[in-house]
There are 2 protein chains.
Amino acid sequence: MYSKELVKGTLKTIILKLLSDSDKMYGYEITQKVKELTGGKIQLTEGALYPTLHAMEAQGILTTDVVNVGNRIRKYYTVTSAGKKIARDKVSEFSDFMDTMIFLLDLKPKMG
Amino acid sequence: MYSKELVKGTLKTIILKLLSDSDKMYGYEITQKVKELTGGKIQLTEGALYPTLHAMEAQGILTTDVVNVGNRIRKYYTVTSAGKKIARDKVSEFSDFMDTMIFLLDLKPKMG
DNA sequence: CGTATATACCTAAGAAACTTATGTATATAA
DNA sequence: TTATATACATAAGTTTCTTAGGTATATACG
(Lines give C-alpha, C1' and ligand atoms only; values in the text may rest on other atoms or scores of the structure.)
Protein backbone atom coordinates (compact mmCIF):
# COMPACT_ATOMS: atom_id res chain seq x y z
CA MET A 1 0.00 0.00 0.00
CA TYR A 2 1.32 3.38 -0.99
CA SER A 3 1.11 6.48 1.19
CA LYS A 4 -2.20 8.25 0.76
CA GLU A 5 -0.90 11.45 -0.85
CA LEU A 6 0.71 9.50 -3.67
CA VAL A 7 -2.43 7.87 -5.02
CA LYS A 8 -4.39 11.10 -4.71
CA GLY A 9 -5.23 12.66 -8.04
CA THR A 10 -5.08 9.40 -9.99
CA LEU A 11 -8.54 8.06 -9.17
CA LYS A 12 -10.41 9.47 -12.18
CA THR A 13 -7.60 8.44 -14.52
CA ILE A 14 -7.66 4.86 -13.23
CA ILE A 15 -11.46 4.56 -13.39
CA LEU A 16 -11.68 6.03 -16.89
CA LYS A 17 -8.87 3.82 -18.21
CA LEU A 18 -10.43 0.62 -16.87
CA LEU A 19 -13.90 1.55 -18.12
CA SER A 20 -12.51 2.54 -21.52
CA ASP A 21 -10.98 -0.92 -21.94
CA SER A 22 -14.21 -2.82 -21.18
CA ASP A 23 -17.75 -2.01 -22.29
CA LYS A 24 -19.04 -1.83 -18.71
CA MET A 25 -18.03 -2.34 -15.09
CA TYR A 26 -19.72 -1.83 -11.74
CA GLY A 27 -18.20 -0.04 -8.77
CA TYR A 28 -17.24 -2.99 -6.64
CA GLU A 29 -15.80 -4.70 -9.70
CA ILE A 30 -13.52 -1.71 -10.30
CA THR A 31 -12.12 -1.88 -6.76
CA GLN A 32 -11.41 -5.60 -7.15
CA LYS A 33 -9.85 -5.22 -10.58
CA VAL A 34 -7.48 -2.47 -9.39
CA LYS A 35 -6.55 -4.51 -6.31
CA GLU A 36 -5.87 -7.55 -8.49
CA LEU A 37 -3.88 -5.72 -11.18
CA THR A 38 -1.69 -3.91 -8.62
CA GLY A 39 -1.17 -6.86 -6.29
CA GLY A 40 -3.00 -5.00 -3.54
CA LYS A 41 -0.71 -1.97 -3.79
CA ILE A 42 -3.57 0.27 -4.82
CA GLN A 43 -6.89 -0.27 -3.06
CA LEU A 44 -9.63 2.16 -3.98
CA THR A 45 -11.90 3.08 -1.09
CA GLU A 46 -15.64 3.07 -1.65
CA GLY A 47 -15.92 6.46 0.04
CA ALA A 48 -13.83 7.92 -2.76
CA LEU A 49 -15.03 5.73 -5.60
CA TYR A 50 -18.82 6.12 -5.46
CA PRO A 51 -18.95 9.92 -5.20
CA THR A 52 -16.47 10.12 -8.10
CA LEU A 53 -18.59 7.81 -10.24
CA HIS A 54 -21.70 9.84 -9.43
CA ALA A 55 -19.92 13.08 -10.33
CA MET A 56 -18.70 11.69 -13.66
CA GLU A 57 -22.19 10.48 -14.45
CA ALA A 58 -23.60 13.94 -13.70
CA GLN A 59 -20.97 15.40 -16.03
CA GLY A 60 -21.97 13.13 -18.90
CA ILE A 61 -18.69 11.21 -18.82
CA LEU A 62 -20.38 8.00 -17.75
CA THR A 63 -23.81 6.45 -18.20
CA THR A 64 -25.37 3.85 -15.91
CA ASP A 65 -27.36 0.68 -16.25
CA VAL A 66 -28.84 -0.80 -13.09
CA VAL A 67 -29.20 -4.58 -13.13
CA ASN A 68 -30.64 -7.03 -10.64
CA VAL A 69 -28.35 -9.97 -9.93
CA GLY A 70 -30.33 -12.34 -7.72
CA ASN A 71 -31.70 -9.96 -5.12
CA ARG A 72 -28.75 -7.60 -5.22
CA ILE A 73 -28.32 -4.48 -7.29
CA ARG A 74 -25.47 -3.82 -9.64
CA LYS A 75 -24.93 -0.43 -11.22
CA TYR A 76 -22.95 -0.79 -14.40
CA TYR A 77 -21.01 2.19 -15.71
CA THR A 78 -20.13 2.82 -19.35
CA VAL A 79 -17.91 5.58 -20.75
CA THR A 80 -19.55 7.94 -23.22
CA SER A 81 -17.66 9.05 -26.32
CA ALA A 82 -16.96 12.38 -24.60
CA GLY A 83 -15.66 10.35 -21.65
CA LYS A 84 -13.35 8.34 -23.88
CA LYS A 85 -11.67 11.51 -25.06
CA ILE A 86 -11.24 12.64 -21.44
CA ALA A 87 -9.83 9.21 -20.60
CA ARG A 88 -7.23 9.47 -23.37
CA ASP A 89 -6.33 13.01 -22.31
CA LYS A 90 -5.97 12.02 -18.65
CA VAL A 91 -3.80 8.98 -19.39
CA SER A 92 -1.69 11.05 -21.75
CA GLU A 93 -1.26 13.81 -19.20
CA PHE A 94 -0.30 11.31 -16.54
CA SER A 95 2.23 9.73 -18.88
CA ASP A 96 3.77 13.13 -19.58
CA PHE A 97 3.81 13.91 -15.86
CA MET A 98 5.65 10.67 -15.15
CA ASP A 99 8.29 11.47 -17.75
CA THR A 100 8.79 14.83 -16.08
CA MET A 101 9.03 13.26 -12.62
CA ILE A 102 11.45 10.59 -13.88
CA PHE A 103 13.74 13.34 -15.11
CA LEU A 104 13.28 15.50 -12.02
CA LEU A 105 13.91 12.66 -9.58
CA ASP A 106 16.65 11.20 -11.79
CA LEU A 107 15.03 7.77 -12.06
CA LYS A 108 15.57 4.92 -14.48
CA PRO A 109 12.19 3.64 -15.68
CA LYS A 110 11.72 -0.06 -16.45
CA MET A 111 10.85 -1.23 -19.94
CA GLY A 112 7.16 -1.77 -20.71
CA MET B 1 1.25 23.00 -16.44
CA TYR B 2 -0.34 19.84 -15.17
CA SER B 3 -3.77 19.64 -13.53
CA LYS B 4 -3.58 20.38 -9.84
CA GLU B 5 -4.55 16.95 -8.53
CA LEU B 6 -1.66 15.29 -10.36
CA VAL B 7 1.13 17.20 -8.71
CA LYS B 8 -0.47 16.81 -5.29
CA GLY B 9 1.37 14.46 -3.03
CA THR B 10 4.73 14.90 -4.78
CA LEU B 11 5.83 18.16 -3.11
CA LYS B 12 7.81 16.65 -0.23
CA THR B 13 9.43 14.12 -2.54
CA ILE B 14 10.56 16.84 -4.95
CA ILE B 15 11.89 19.11 -2.20
CA LEU B 16 13.76 16.32 -0.44
CA LYS B 17 15.28 15.02 -3.68
CA LEU B 18 16.60 18.46 -4.71
CA LEU B 19 17.93 19.21 -1.24
CA SER B 20 19.57 15.78 -1.02
CA ASP B 21 21.49 16.45 -4.23
CA SER B 22 22.91 19.81 -3.08
CA ASP B 23 24.25 20.76 0.33
CA LYS B 24 21.79 23.62 0.74
CA MET B 25 19.06 25.53 -1.07
CA TYR B 26 16.67 28.34 -0.14
CA GLY B 27 12.93 28.37 -0.79
CA TYR B 28 12.78 30.65 -3.76
CA GLU B 29 15.73 28.82 -5.32
CA ILE B 30 13.79 25.54 -5.10
CA THR B 31 10.81 27.02 -6.98
CA GLN B 32 13.11 28.33 -9.73
CA LYS B 33 15.06 25.08 -10.02
CA VAL B 34 11.89 22.99 -10.36
CA LYS B 35 10.49 25.42 -12.93
CA GLU B 36 13.75 25.26 -14.90
CA LEU B 37 14.17 21.48 -14.75
CA THR B 38 10.57 20.82 -15.81
CA GLY B 39 10.39 23.51 -18.48
CA GLY B 40 7.68 25.29 -16.50
CA LYS B 41 5.48 22.19 -16.34
CA ILE B 42 5.72 22.05 -12.56
CA GLN B 43 5.60 25.36 -10.71
CA LEU B 44 5.63 25.13 -6.94
CA THR B 45 3.51 27.75 -5.22
CA GLU B 46 5.00 29.58 -2.26
CA GLY B 47 1.80 29.03 -0.28
CA ALA B 48 2.48 25.30 -0.42
CA LEU B 49 6.27 25.40 -0.30
CA TYR B 50 6.98 27.48 2.81
CA PRO B 51 4.57 25.74 5.20
CA THR B 52 5.96 22.38 4.01
CA LEU B 53 9.56 23.52 4.62
CA HIS B 54 8.59 24.75 8.09
CA ALA B 55 6.88 21.47 8.90
CA MET B 56 9.87 19.42 7.79
CA GLU B 57 12.17 21.60 9.87
CA ALA B 58 9.93 21.07 12.91
CA GLN B 59 10.12 17.32 12.26
CA GLY B 60 13.91 17.32 12.20
CA ILE B 61 14.07 16.47 8.49
CA LEU B 62 15.63 19.82 7.60
CA THR B 63 17.81 22.38 9.36
CA THR B 64 18.03 26.06 8.49
CA ASP B 65 20.72 28.67 8.14
CA VAL B 66 19.60 32.28 7.73
CA VAL B 67 21.95 34.44 5.68
CA ASN B 68 21.90 38.11 4.79
CA VAL B 69 22.47 38.77 1.11
CA GLY B 70 22.75 42.54 0.72
CA ASN B 71 19.77 43.71 2.74
CA ARG B 72 17.65 40.69 1.94
CA ILE B 73 17.23 37.51 3.93
CA ARG B 74 17.84 34.04 2.61
CA LYS B 75 16.88 30.98 4.59
CA TYR B 76 18.97 28.02 3.49
CA TYR B 77 17.68 24.52 4.11
CA THR B 78 19.83 21.42 4.55
CA VAL B 79 18.65 17.81 4.82
CA THR B 80 19.59 15.98 8.03
CA SER B 81 20.78 12.37 7.87
CA ALA B 82 17.33 11.28 9.03
CA GLY B 83 15.93 13.42 6.22
CA LYS B 84 18.17 11.75 3.65
CA LYS B 85 16.76 8.37 4.55
CA ILE B 86 13.23 9.74 4.19
CA ALA B 87 14.22 11.26 0.85
CA ARG B 88 15.48 7.90 -0.43
CA ASP B 89 12.36 6.14 0.83
CA LYS B 90 10.05 8.69 -0.78
CA VAL B 91 11.80 8.59 -4.16
CA SER B 92 11.85 4.80 -4.03
CA GLU B 93 8.15 4.65 -3.17
CA PHE B 94 7.33 7.05 -5.98
CA SER B 95 9.37 4.98 -8.42
CA ASP B 96 7.52 1.83 -7.37
CA PHE B 97 4.20 3.66 -7.67
CA MET B 98 5.04 4.75 -11.20
CA ASP B 99 5.87 1.19 -12.23
CA THR B 100 2.49 0.13 -10.87
CA MET B 101 0.71 2.93 -12.72
CA ILE B 102 2.57 2.17 -15.97
CA PHE B 103 1.28 -1.39 -15.76
CA LEU B 104 -2.22 -0.38 -14.70
CA LEU B 105 -2.59 2.26 -17.42
CA ASP B 106 -0.81 0.08 -19.98
CA LEU B 107 1.86 2.66 -20.80
CA LYS B 108 5.23 2.36 -22.48
CA PRO B 109 7.82 4.24 -20.44
CA LYS B 110 10.69 6.03 -22.17
CA MET B 111 14.28 5.03 -21.57
CA GLY B 112 16.19 6.97 -18.90
C1' DC C 1 10.91 59.50 -10.78
C1' DG C 2 7.56 56.14 -10.99
C1' DT C 3 6.25 51.59 -12.28
C1' DA C 4 6.86 46.91 -13.31
C1' DT C 5 9.31 42.80 -12.55
C1' DA C 6 12.30 39.91 -9.96
C1' DT C 7 13.92 38.43 -5.64
C1' DA C 8 12.72 36.66 -0.98
C1' DC C 9 10.28 35.81 2.94
C1' DC C 10 5.56 34.76 5.23
C1' DT C 11 0.44 33.55 6.71
C1' DA C 12 -4.50 32.56 6.39
C1' DA C 13 -8.97 31.49 4.33
C1' DG C 14 -11.03 28.47 1.38
C1' DA C 15 -11.33 24.51 -1.86
C1' DA C 16 -10.44 19.88 -3.45
C1' DA C 17 -10.01 15.20 -2.89
C1' DC C 18 -9.58 12.26 -0.20
C1' DT C 19 -10.08 8.85 4.46
C1' DT C 20 -12.67 7.03 8.06
C1' DA C 21 -16.78 5.75 9.79
C1' DT C 22 -21.23 4.37 9.27
C1' DG C 23 -25.42 2.51 7.23
C1' DT C 24 -28.30 -0.84 4.39
C1' DA C 25 -28.90 -5.44 2.52
C1' DT C 26 -28.04 -10.22 0.52
C1' DA C 27 -25.13 -14.56 0.10
C1' DT C 28 -22.21 -18.00 1.76
C1' DA C 29 -18.90 -20.50 4.39
C1' DA C 30 -17.27 -22.03 9.04
C1' DT D 1 -24.57 -17.36 14.46
C1' DT D 2 -20.83 -15.16 13.11
C1' DA D 3 -17.53 -13.67 9.93
C1' DT D 4 -16.49 -12.60 5.31
C1' DA D 5 -17.74 -11.33 0.74
C1' DT D 6 -20.65 -8.82 -2.31
C1' DA D 7 -22.79 -4.31 -3.47
C1' DC D 8 -24.64 -0.04 -2.93
C1' DA D 9 -24.46 4.68 -0.48
C1' DT D 10 -23.60 9.08 2.46
C1' DA D 11 -21.36 12.26 5.79
C1' DA D 12 -18.01 14.14 8.94
C1' DG D 13 -13.39 15.09 9.33
C1' DT D 14 -8.53 15.55 7.58
C1' DT D 15 -4.83 16.59 4.61
C1' DT D 16 -2.85 19.17 1.26
C1' DC D 17 -3.00 22.10 -1.56
C1' DT D 18 -4.60 26.99 -4.17
C1' DT D 19 -5.64 31.64 -3.97
C1' DA D 20 -5.00 35.78 -2.06
C1' DG D 21 -2.87 38.77 0.59
C1' DG D 22 1.11 41.03 3.18
C1' DT D 23 6.17 42.87 3.81
C1' DA D 24 10.46 44.42 1.86
C1' DT D 25 14.66 45.13 -1.27
C1' DA D 26 16.80 45.43 -6.05
C1' DT D 27 16.85 46.57 -10.71
C1' DA D 28 15.43 47.77 -15.32
C1' DC D 29 12.58 50.77 -18.32
C1' DG D 30 10.68 54.92 -19.97
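Quick note on labels: first sequence line is chain A, next is B, and so on, each numbered from 1. If you're wondering where the values come from, they're calculated on a predicted model, not measured in any experiment.
Taking every heavy atom of both residues into account, A/Lys17 and B/Leu104 meet most closely at CG-O, 4.2 Å.
For the atom pair CE (A/Met98) and CG (B/Asp99), the distance works out to 9.0 Å, reported to the nearest 0.5 Å. Here the CD1-CG distance, from B/Ile15 to B/Leu44, works out to 6.5 Å after rounding to the nearest 0.5 Å.
Using a 4.0 Å heavy-atom cutoff across all strands shown, A/Arg74 reaches sugar-phosphate atoms only and no base atom. Within the 4.0 angstrom heavy-atom criterion, no nucleotide atom of any strand lies near A/Gly70.
If you measure from atom CG of B/Leu53 to atom C1' of D/dC17, you get 14 Å, rounded to the nearest angstrom. Atom pair B/Asn68:CG and D/dA24:P shows a separation of 16 Å (rounding to whole Å applied). Residue A/Gln32 contributes atom CD, which lies 14 Å from atom C1' of D/dC8 at whole-angstrom precision. Counting to the nearest Å, the P atom of D/dT15 and the NZ atom of A/Lys8 are 9 Å from each other. Rounded to an integer number of Å, the gap from A/Met25 CE to D/dC8 C1' is 16 Å. Distance, A/Arg72 CZ to D/dA9 C1': 15 Å, rounded to whole Å.
With the nearest nucleotide of DNA chain C identified for both A/Val7 and B/Tyr76, B/Tyr76 has the one nearer the 5' end. For the pair B/Leu49 and A/Ile73, both in contact range of DNA chain D, the more 5′-proximal nearest nucleotide belongs to A/Ile73.
When DNA chain C is scanned 5' to 3' for any atom under 4.0 Å from a heavy atom of chain B, the first and last hits are C/dA6 to C/dA17.
Taking the centre and axis of the six-membered ring of B/Tyr76, the NZ or CZ atom of B/Lys24 falls inside the cone set by 45° and 6.0 Å.
By the 6.0 Å contact criterion, NZ on B/Lys33 is open, its count of non-hydrogen atoms from other residues, nucleotides or ligands being 12 or less.
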N/O to N/O distances under 3.5 Å, protein versus nucleotides 10-13 of chain D:
| unit_1 | atom_1 | unit_2 | atom_2 | d |
| --- | --- | --- | --- | --- |
| D/dT10 | OP2 | A/His54 | ND1 | 3.2 |

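Between the side chain of B/Gln43 and the backbone N or O of B/Gly40 there is at least one donor-acceptor pair closer than 3.5 Å. Side chain of B/Ser20 to main chain of B/Leu16: a donor-acceptor pair is present (N/O by atom type, distance under 3.5 Å, no hydrogens or angles).
Considering only residues two or more places apart in sequence or on other chains, A/Thr100 meets the side chain to side chain contact (heavy atoms under 4.5 Å, CB included) condition with A/Asp96, B/Tyr2, B/Thr38, B/Lys41, B/Ile42.
When side chains are defined from C-beta on, A/Leu62 does not count as touching A/Thr80, because their heavy atoms never get closer than 4.5 Å.
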